[in-house]
J.: 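Take a look at this one; I'll ask things after.
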There are 2 protein chains.
Amino acid sequence: MEWGDLRFLLHVVREGSTLAASRVLNTSQSTVMRRIAVLEGQLGLSLFEKRRSGYVPTDTLLGLLGKLEAVEAAHSAFESEARVICRGLSGTVRLTTPELISSHFLKFPLQQFRQLNPDIRIELVASDEYLDLSWEADIALRAGDPPTDGALFGRRIINDTWSVYCSRAYAEANGYPTTTADFGKHGFICIVERARPDRLTEWMNTHFPPDNIVLRHSSLMSAFFSVKAGDGIGICPDMIGMNEPDFIRCMPVDVQTGKEVWLLAHERNRQTPRIRIVLDFLTEHLMKKVQTMRLVMGEKV
Amino acid sequence: MEWGDLRFLLHVVREGSTLAASRVLNTSQSTVMRRIAVLEGQLGLSLFEKRRSGYVPTDTLLGLLGKLEAVEAAHSAFESEARVICRGLSGTVRLTTPELISSHFLKFPLQQFRQLNPDIRIELVASDEYLDLSWEADIALRAGDPPTDGALFGRRIINDTWSVYCSRAYAEANGYPTTTADFGKHGFICIVERARPDRLTEWMNTHFPPDNIVLRHSSLMSAFFSVKAGDGIGICPDMIGMNEPDFIRCMPVDVQTGKEVWLLAHERNRQTPRIRIVLDFLTEHLMKKVQTMRLVMGEKV
DNA sequence: AGTTGGTTCTGCATTTTTGCATAATGGATG
DNA sequence: CATCCATTATGCAAAAATGCAGAACCAACT
């Protein structure tokens with residue numbers, strides 16, 4: 001049996017047709033159909049009920065699904081491990097961080113790092129989703145709940161506090177509020193949550209006057225650039241807002257989210273020299289920034 | 001990455017060269033070499049040190065070996081499960097037993113069975129090696145140590161006692177011994193063990209006069225046919241010898257091997273109708289045979 | 001009833017993979 | 001030193017797999 005046929009099988013089960021599966025597999029529909037046919041012949045089993053509306057898995061196939069998924073998991077584990085080894089051999093460190101932190105906060109320090117360490121190549125993955133630190137990335141700078149995964153190690157950088165900010169241009173033109181009582185005279189920029197609203201969303205819904213919301217953005221990133229453009233007033237993590245020279249901090253967002261910013265890596269990389277070098281550099285850089293912020297904001301961060 | 005390439009990789013690791021691996025894989029040496037080359041390109045890793053004496057795995061590849069073997073195991077599990085399902089759907093019962101028991105002891109009863117149960121197809125696998133009853137076979141009739149695998153169920157048929165036998169033709173020409181004191185006047189057929197000698201081998205080495213050993217066979221099967229042909233005197237399990245009309249039992253082999261004959265199946269097949277039918281039929285048949293043997297040999301069997 | 005948009009399945013052309021034959025290399029042996 | 005036997009690696013022909021185009025079917029919609 002050709003092992004690759006099982007990849008075709010898996011995708012037809014998942015997508016429901018040879019056509020849809022061919023799109024995922026980046027091949028032609030007739031190829032998928034033929035590979036399934038060959039597999040059925042070799043196993044001596046009917047795996048699908050072929051209909052014009054698609055391929056419907058038989059009970060026989062459903063009974064094999066667990067084993068099939070285990071095959072996929074084993075291949076994924078192999079490929080993941082191969083990628084980890086490949087990165088190690090090439091002297092690459094893969095760093096993941098949210099979009100905003102990536103583009104706004106790390107660009108300059110990473111330029112510095114590259115000058116100091118030309119042998120270490122940092123591959124930056126900007127993603128608002130968490131990456132798996134056992135294989136998808138080596139280091140994460142992430143904001144969120146404190147980590148609970150015992151296989152990770154690292155340090156807490158700062159509490160993830162937020163404040164209301166506007167741009168200098170906006171303030172010069174309109175003034176800026178220092179209490180929520182002043183909100184009525186200003187325009188606001190909202191961040192629309194796709195997921196269930198969290199406490200920050202609730203705070204905005206409670207305090208931003210509904211009639212004064214001039215823009216709604218679907219991501220923090222786009223909201224940030226809208227505030228920076230002077231379109232209105234919005235909320236922003238202090239770690240970003242405090243370090244943006246064009247921003248004026250109006251007032252704190254008085255919410256206990258429990259979120260923190262952490263710099264993390266996988267336990268097995270604790271002794272990996274090139275990963276430690278990047279971690280130590282980032283830690284030093286970030287702690288200096290945090291000290292500066294503490295001078296301004298006190299112990300809350 | 002083409003999943004099938006990992007099969008090629010695994011076999012090259014195991015066989016030590018693309019040529020040897022091609023034999024196992026039933027393909028050409030150049031195909032194997034090219035598939036490895038493609039895989040190395042895709043992974044961005046050097047997997048082998050290519051020498052004229054063969055392919056030597058790199059440390060990189062050795063580090064991936066565990067994951068690679070897990071891929072193979074996952075595929076094996078899938079294929080095994082598919083075969084089990086296939087057998088079930090076709091109404092086949094796979095019965096395994098040693099060569100001698102198979103050809104000599106079961107041929108007639110299985111003919112009877114087929115007449116009584118035309119809907120159940122028995123696939124007989126004659127093998128002196130144990131087959132895995134979770135997937136390789138459904139039922140085993142095997143002689144050896146009592147089973148310890150908790151996943152198997154079945155019943156003990158008989159103690160695996162042995163005796164010295166000769167053919168009727170031999171006896172008519174030469175008489176036959178009833179004690180080891182008579183051995184000096186006869187020719188003997190030995191079974192040469194490949195593995196470490198067991199108690200039966202020791203018994204033969206102790207009692208068969210070295211100068212009187214006329215033939216040495218590498219398997220019980222060939223020794224059996226040699227005895228039957230009248231070439232000499234040899235040992236044989238009573239379960240076979242007692243049921244061979246052309247054999248004369250000279251004397252018992254006075255050795256406690258601890259071995260027994262068992263009829264076994266996997267616990268998960270306990271309620272599978274077609275497997276139960278075969279089990280019940282064989283049990284009945286074998287217990288009748290055993291009763292007959294007990295009349296002759298007493299409680300030792 | 002006709003149209004639309006999804007699907008499966010098939011014939012044929014194109015592309016890719018495989019196999020064959022063989023050159024080249026290196027280690028073991030006489 | 002020559003020979004033998006193992007191997008890897010490569011060019012080219014053959015075989016197999018794939019992709020394309022389209023027929024046929026079916027359900028949903030107008």
Side-chain angles (χ1 to χ4, degrees), chain A residues 1-62 64-65 68 71-72 75 78-79, chain B residues 1-62 64-65 68 71-72 75 78-79:
Chain A
M1 193 201 68
E2 173 55 43
W3 285 5
D5 289 349
L6 295 190
R7 256 182 90 239
F8 286 76
L9 181 58
L10 193 64
H11 286 293
V12 174
V13 172
R14 285 181 178 153
E15 307 304 322
S17 72
T18 55
L19 185 64
S22 73
R23 293 192 195 104
V24 175
L25 290 157
N26 203 27
T27 188
S28 79
Q29 177 270 327
S30 48
T31 296
V32 177
M33 198 220 73
R34 290 186 186 120
R35 295 288 286 267
I36 297 301
V38 162
L39 187 60
E40 285 185 314
Q42 285 169 343
L43 295 178
L45 294 170
S46 176
L47 300 170
F48 294 99
E49 196 183 324
K50 287 90 178 177
R51 294 178 184 164
R52 290 293 180 176
S53 50
Y55 272 28
V56 180
T58 57
D59 288 339
T60 299
L61 179 50
L62 294 176
L64 285 164
L65 212 39
L68 185 56
V71 165
E72 181 189 41
H75 279 277
F78 176 89
E79 290 183 52
Chain B
M1 193 200 70
E2 172 58 42
W3 285 4
D5 290 349
L6 294 190
R7 258 182 88 241
F8 286 76
L9 181 59
L10 193 65
H11 286 293
V12 174
V13 172
R14 286 183 176 151
E15 307 303 322
S17 72
T18 55
L19 185 64
S22 75
R23 293 190 196 105
V24 174
L25 290 158
N26 201 29
T27 188
S28 78
Q29 176 268 328
S30 47
T31 295
V32 176
M33 198 221 73
R34 290 188 187 118
R35 296 288 288 265
I36 297 299
V38 162
L39 187 59
E40 284 185 317
Q42 284 169 344
L43 295 176
L45 294 170
S46 175
L47 300 170
F48 294 99
E49 197 182 326
K50 287 90 178 176
R51 292 179 183 163
R52 289 295 178 177
S53 49
Y55 273 26
V56 181
T58 57
D59 287 338
T60 298
L61 179 50
L62 294 177
L64 285 165
L65 211 38
L68 185 56
V71 166
E72 181 191 40
H75 278 276
F78 176 90
E79 291 184 51

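Chain A is the first sequence line, chain B the second, and so forth, proteins listed ahead of strands; every chain is numbered from 1. Given the structure is predicted, the values throughout are model-derived calculations rather than measurements.
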J.: Go through B/Lys50 and B/Met33 one step at a time and tell me if the side chain to side chain contact (heavy atoms under 4.5 Å, CB included) criterion holds.
T.: CA-CA 10 Å; B/Lys50 287 90 178 176; B/Met33 198 221 73; over 6 Å; no

J.: Under a 4.5 Å cut-off applied to non-hydrogen side-chain atoms, are B/Phe48 and B/Ile36 in contact?
T.: yes

J.: In the structure I gave you, are the side-chain heavy atoms of B/Phe8 and B/Thr31 within less than 4.5 Å of one another anywhere?
T.: yes

J.: Would you call B/Leu64 and B/Leu45 a side-chain contact if the rule is heavy atoms closer than 4.5 Å?
T.: yes

J.: Check nucleotides 24-30 of chain C against the protein and report each pair of N or O atoms closer than 3.5 Å, with its distance, or say if there are none.
T.:
unit_1 : atom_1 : unit_2  : atom_2 : d
C/dA24 : N3     : B/Arg52 : NH1    : 3.2
C/dT25 : O4'    : B/Arg52 : NE     : 3.4
C/dT25 : O4'    : B/Arg52 : NH2    : 3.3

J.: From NZ of B/Lys50 over to P of D/dT10, roughly how many Å is that when rounded to an integer?
T.: 11 Å

J.: Given atom CD1 of A/Ile36 and atom P of D/dA17, what is their separation to the nearest angstrom?
T.: 15 Å

J.: If you measure from OG1 on B/Thr18 to CD on B/Gln29, what distance do you get to the nearest 0.5 Å?
T.: 4.0 Å

J.: Which whole-number value in Å describes the distance from B/Glu40 CD to D/dT8 P?
T.: 13 Å

J.: Under 3.5 Å, which protein N or O atoms sit close to an N or O of nucleotides 17-21 of chain C? Give each pair with its distance.
T.:
unit_1 : atom_1 : unit_2  : atom_2 : d
C/dT18 : OP1    : B/Arg35 : NH1    : 2.7
C/dG19 : OP1    : B/Thr27 : OG1    : 3.4
C/dG19 : OP2    : B/Thr27 : OG1    : 2.5
C/dG19 : OP2    : B/Ser28 : N      : 2.9
C/dG19 : OP2    : B/Ser28 : OG     : 3.1
C/dG19 : OP2    : B/Thr31 : OG1    : 2.7
C/dG19 : O6     : B/Arg34 : NH1    : 3.2
C/dG19 : O6     : B/Arg34 : NH2    : 2.9
C/dC20 : N4     : B/Ser30 : OG     : 2.9

J.: Look at the side chain of A/Thr58 and the backbone N and O of A/Ser46, then say whether any donor-acceptor pair between them is shorter than 3.5 Å.
T.: yes

J.: Can you tell me the distance, in whole Å, between the CD atom of B/Glu49 and the P atom of D/dT7?
T.: 17 Å

J.: Would you say A/Arg23 places a side-chain N or O within less than 4.0 Å of OP1 or OP2 belonging to C/dG6?
T.: no

J.: Hey, does B/Gln42 have a side-chain heavy atom less than 4.5 Å from the side chain of B/Asp5?
T.: yes

J.: What's the shortest heavy-atom distance between B/Glu2 and B/Arg35, and which atoms?
T.: CG-NH2, 3.9 Å

J.: Any sub-3.5 Å donor-acceptor pair from B/Glu40's side-chain atoms to B/Leu47's backbone N or O?
T.: yes

J.: Can you confirm whether A/Leu9 sits close enough to B/Phe78 that some side-chain heavy atom of one is under 4.5 Å from a side-chain heavy atom of the other?
T.: yes

J.: At a heavy-atom distance below 4.0 Å, what parts of residues 54-61 of chain A sit against DNA chain C?
T.: A/Gly54, A/Tyr55

